[in-house]
Amino acid sequence: MAAPSIRLRLTGWYSLVLFLMLVVYATATFVAVRHEFFEQLDDQLHDDFEAAEGFLSASSDGRVAWSGERRHDPDDAEDRGSDAWAASGEQIYRSGAASALPPVALATTSATPHYETLVTNGRRWRTLSGTTLVGGRSVVLRVSRLEERLRAQLWEILVVLVLGLPLVVALAGAGGYVLARRALTPIDHLASEARRITADRLHERLSTPNPHDEIGRLTAVINETFARLESSFDQLRRFTADASHELRTPLSVIRGIGEMELKEPHTAAEYRDAIGSMLEEVDRLTHLVDTLLRLSHGDAGTIRLSRERIDLGALTRDVVSSLAILAEERSQQLQVEADEDVSVVADRLVLREALANVVDNAIKYSPKGAPIAIHVRSDDERAMVEIIDRGPGVAAEHRERIFDRFFRIDQARSRDSGGTGLGLAIAKWSVAVNGGTIAVEGAPEGGSVFRIVLPGATRPTSSVHHDPVTQGMGEHV
Amino acid sequence: MRILVVEDERKIAEILASALAGEHFDVVIAPTGEDGFYRANAEAFDLVLLDLMLPGRSGLEILQTLRQRHVETPVLILTARDGVDDRVLGLDLGADDYLVKPFALPELLARVRALLRRGRPSEVFRLKAADLELDVVARRANRSDRPLDLTTREFELLEYLLRHQGHLVSREMLAREVWKEPRRATPLDNVIDVQIARLRKKVDTEGAARLIHTVRGVGFILREEEP
C-alpha cells in the first residue's frame, strides 16, 4: 500500500498535536474552574455561618433560640440548610432541608469551624460546622448547601469541553488540510511541468512566480539539473555524431580502396599497396575502438588503479625521453625543468598516458625548430606539470572543449596530422582519475600552456598499494 | 606439428588455418565448443587456439575440463572480451597465453612459435642475417665486418627483429617487447616508425642489401630478400 500523501500526513500530525495540546489545556481549565467553584461554595458557607450566628440569641431565661429572619434561611429552601445544637445536645434549630442530614457529633466539634462533605440519600452536601458562643453559652452551629447545582454547572462545562474539543480539532484539521493543499499545490504543479520536459524539450525550463521562496529555490535547483542534463545530452549527441563520423571514415576508405582495386586488374605491387592501405585503416579503426572502450570503461568507473608514490620529475623525464625522437625529427628542443622531489600518489601508467598525450600534442602542433618547455613544480599541496608549446595556441572559446572527445579546432587537418582526436580527452580522463585537473591557457610567447595539477604527496612514507592484477598483466583496462 | 583451432567464426577460422598452414603447421578446425572439446581430448595436438565465446560450450569450460583431465597441451586463448577479469580467469584456469581480438596475424604467429618453443633452451647469443651480425652479450653489431654505432634502443630493436627474422613483427609487438609499454592510447606508433627509419639508415647503408623492410599496414620484417 502506498504511503498517504504529504498533505494527509501533514494534516494528521497537525491534528494530533493540536488535539493533545487542547486536551491538556481543557483539563487544566476544568481543574481550575472546579477548584474555583468549590472555593466559592466554601465562601458562601462561611457567609451563611456568620449570618446564622447572628440569628442565634440568648433569651432572658438563658436559653438560646433561633430568631433569624426566615428570608435568609427559608425553612422550605431545598438546597441549603442550617441547624444548631446546645452543648447539652439539645436541638435548638433545624431547617427543613437540614433535617435530611445526620446530626453533628458534638464531641468532635471544635471551636474552629471545619468544612465537610456529607452524602445522604445519594445527595452531596457541603457543610461548615463549628462552635460559637451565644450569650456565654456554647452552641454548635452547622450550615450546609447542596453541591448539586455546582456539580451540574461543572458537568455542563465538561460536556462543552469534551464535545467541543473534537469539533475544534476537526475544524482545525480541515483548515490545515486546505492550507497544506494550498502550500503543496505549487509542488504538484512543478511536478507536472517537469514531467512535460522530456529529452526532446530539454531546453525548456520551469517557471516560478517567486524565485526567492522555498518553491522558487526548488525550481531553481531543478532548472539547474535540467541545464546540466541538457548539456550532457548535447555532449552525448555531439559525441555520437563525431564518433560515427570518425568510425565511418576508415570504413569508407576501406570500402573505396576495395572497390577501386576490384574494378580492373592491377599488378601484384599495386594490390599489395592497396591491401596495406586497407590494413592501415583497420589499424586506425582498432585503435579508435580501443580508445573509446577505454574511455567508456573510465566513465563507468570500472578501471582498477594501482596507486603508488611517483617521482613526477622522473616520470616526466621518462615520458619526454621516449617521445624525444619525435621532437628531434622536427628539430624541436624538449627542455625539462623539474623541481627536486616533486611526488604524487597516482597510477603510474595512467598518469604516464596523460603526460605522453599532452607532450605529443605539443610536439605535433609546435612548428619545426621551436622550443618546448616542460616544468615540473610543486607547492605545499599541489604538484604541477606545465607543458609550454609554441603552437598556434587555443582560442579562449575552445579552451573548455579542447578536452572533449573528438573535438578539433581545425576540422580540415584532422586525419592527416594523425591521432584520433581523443588524445587530450584521454589526458583529461587520466588526470581526473588521479584526482587532478588539466587546463590550457595562452603562453606569453604565443602558443599554449597545458597545466596538469595533481594533489601532492606530502609524506614520503604514504601507503604504497599495488594492484596485483594490473601490475601482473602489465596492462590496464 | 598439429594445431587445433577452436573457433566458431568461419572466416576467422579459415584465416587462422591458412596463416598457420603458411608456417607449415597441420591445422584442424573445430567449429563448435563440443567438437573442440572431444578432439582436444581424443587426439594429440601440440597447441590449441581457443576462442572464448563459443556456442554450446564456452572456451573457459573447455579449458577447465582439459586441465582437470591433465591434458597439458599449451592453450592460447583468443578473446574479444577486453576485460582483465576474463584474461586472468583464463590464465588461472591454465591457459598459456592470450590474444585479444582483433589481433594481428604476425603477433599470433609469434606467440604460437613462442609457445611451441617453450621448454626448450633457445637462448642464442649471436644473431646473424646475411652479413649482419649481432653479439648480444658484448652488445656489438657489425654489418660486413664494419661495426654499427647503435643506441641502446636501436640495439634492442635490431635484436628483436633478428630474433624474429623472416617473420613479420607488428608495431604492437615492438611497443610491448622493446619499449615495454602497453601501446593503448599512448602515441608510440610514430616513435616506433621514426626509430625504425633511423635504424634502417644505419643498418641498410648504401650499397648493402636491404634487410629491414616495412610491410605497409602490418609492420616490419627483417630478411635478406625483398618481401
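Sequence lines set the chain letters: A, B, ... in the order given, protein chains first and strands last, and positions in each chain run from 1.
For chain B, no part of N361(A) is nearby; none of its heavy atoms comes within less than 4.5 Å. Neither the backbone nor the side chain of S430(A) comes within contact range of chain B; no heavy atom of the residue lies under 4.5 Å from a heavy atom of that chain.
The side-chain contact (heavy atoms from CB on, under 4.5 Å) check on Q68(B) picks up Q64(B), with sequence neighbours excluded. Every side-chain contact (heavy atoms from CB on, under 4.5 Å) that P371(A) has, sequence neighbours left out, goes to Q333(A), Q335(A), R390(A).
In this structure, F406(A) and F239(A) have parallel ring planes: the angle between them is below the 30° cut-off, well short of the 60° mark.
Atoms CE and CZ, on M278(A) and R255(A) in that order, are 10.5 Å from each other to the nearest 0.5 Å.
Of the listed residues (I325(A), L326(A), D360(A)), the greatest number of heavy-atom pairs within a distance under 4.5 Å of chain B belongs to I325(A).
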